[in-house]
Amino acid sequence: DVKVTQSSRYLVKRTGEKVFLECVQDMDHENMFWYRQDPGLGLRLIYFSYDVKMKEKGDIPEGYSVSREKKERFSLILESASTNQTSMYLCASTGESLAFFGQGTRLTVV
Amino acid sequence: GQNIDQPTEMTATEGAIVQINCTYQTSGFNGLFWYQQHAGEAPTFLSYNVLDGLEEKGRFSSFLSRSKGYSYLLLKELQMKDSASYLCAVRDRSSASKIIFGSGTRLSIRP
């Protein structure tokens with residue numbers, strides 16, 4: 001059973017905090033992705049990684065960084081959280097013909 | 001770059017058929033996905049097309065025409081539980097298999 005697991009379902013953080021969102025997959029997939037989803041804007045790609053220690057910017061990387069030290073884990077980092085980063089964050093992992101999502105993390109920055 | 005277009009909202013009647021269209025532009029096409037997403041939940045995989053033609057899976061079918069940059073998702077015998085957003089996504093071969101999503105089509109089913 002394919003599993004993409006995000007560390008938290010709900011998070012509340014203060015403005016200026018450093019925030020870590022963790023994503024782990026157990027399918028030995030090479031490609032992993034971080035998206036954010038906002039009403040009316042759909043899923044927007046923040047960063048993706050196609051191998052360990054490899055990363056590429058998506059469409060909205062500003063204010064975020066990522067880390068892929070191990071194949072199964074892809075972390076999204078908000079260096080200094082701001083209220084406009086309040087959103088639903090979705091991690092995905094892809095094989096040849098499938099892409100699976102984690103359950104999502106709803107982050108609120110106050 | 002990449003661009004994916006799909007209608008924002010659609011409404012259909014229980015028991016009927018609905019077709020959700022998706023057009024895309026990409027520099028290196030390497031497959032198209034359809035996902036279903038219920039409110040407050042993560043997207044779930046419905047289909048994947050990489051070759052032209054129709055793929056059927058029960059009540060859901062997905063069609064692809066690479067030359068036209070066009071796909072559709074066909075839902076038959078609609079049920080109330082089919083009320084959800086449907087996301088079209090394209091994998092780009094030229095960018096290490098980057099996957100870009102459209103904004104989604106919110107489908108409402110009325111009795």
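When the shell of 6.0 Å around CD of A/E17 is examined, it contains more than 12 heavy atoms from other residues, nucleotides or ligands. In this structure, A/R44 places its CZ atom where more than 12 heavy-atom neighbours from other residues, nucleotides or ligands lie under 6.0 Å away.
A chain of hydrophobic side-chain contacts below 4.5 Å, direct or via other Ile, Leu, Val, Met, Phe, Trp or Tyr residues, connects B/I109 to B/Y35. Residues B/F63 and B/L73 are members of separate hydrophobic clusters, defined by side-chain heavy-atom contacts under 4.5 angstrom among Ile, Leu, Val, Met, Phe, Trp and Tyr. In the hydrophobic clustering of ILVMFWY residues, with side-chain heavy atoms under 4.5 Å counting as a link, B/I99 and B/W34 come out together. A/F48 is connected to B/I4 through a chain of hydrophobic side-chain contacts under 4.5 Å among Ile, Leu, Val, Met, Phe, Trp and Tyr, so both are in one cluster. Hydrophobic clustering places B/L32 together with B/F60 (ILVMFWY residues linked when any side-chain heavy atoms are closer than 4.5 Å, directly or through intermediates).
Remark: B/Y48 OH to A/T94 OG1 distance equals 9.0 Å, nearest 0.5 Å. Atoms CG and CG, from A/L43 and B/L87 in turn, are 6.0 Å apart once rounded to the nearest 0.5 Å. From A/F33, atom CZ reaches atom CD1 of B/I100 across 8.5 Å, with rounding to the nearest 0.5 Å.
Across B/A42 and A/G102, no two heavy atoms sit closer than the pair CB-O, 2.9 Å.
Residue-level contacts of residues 9-16 of chain B with chain A do not occur; threshold 4.5 Å between heavy atoms.
Of the atoms belonging to A/Q37, it is side-chain heavy atoms, and not backbone ones, that fall under 4.5 Å from chain B. Interface residue A/D59: only side-chain heavy atoms are found under 4.5 Å from chain B.
In this structure, the ring of A/F101 has its center less than 6.0 angstrom from the ring center of B/F101.
Of the residues considered (B/G104, B/G31, B/G40, B/P43), B/P43 shows the highest number of contacts with chain A, using heavy-atom pairs under 4.5 Å.
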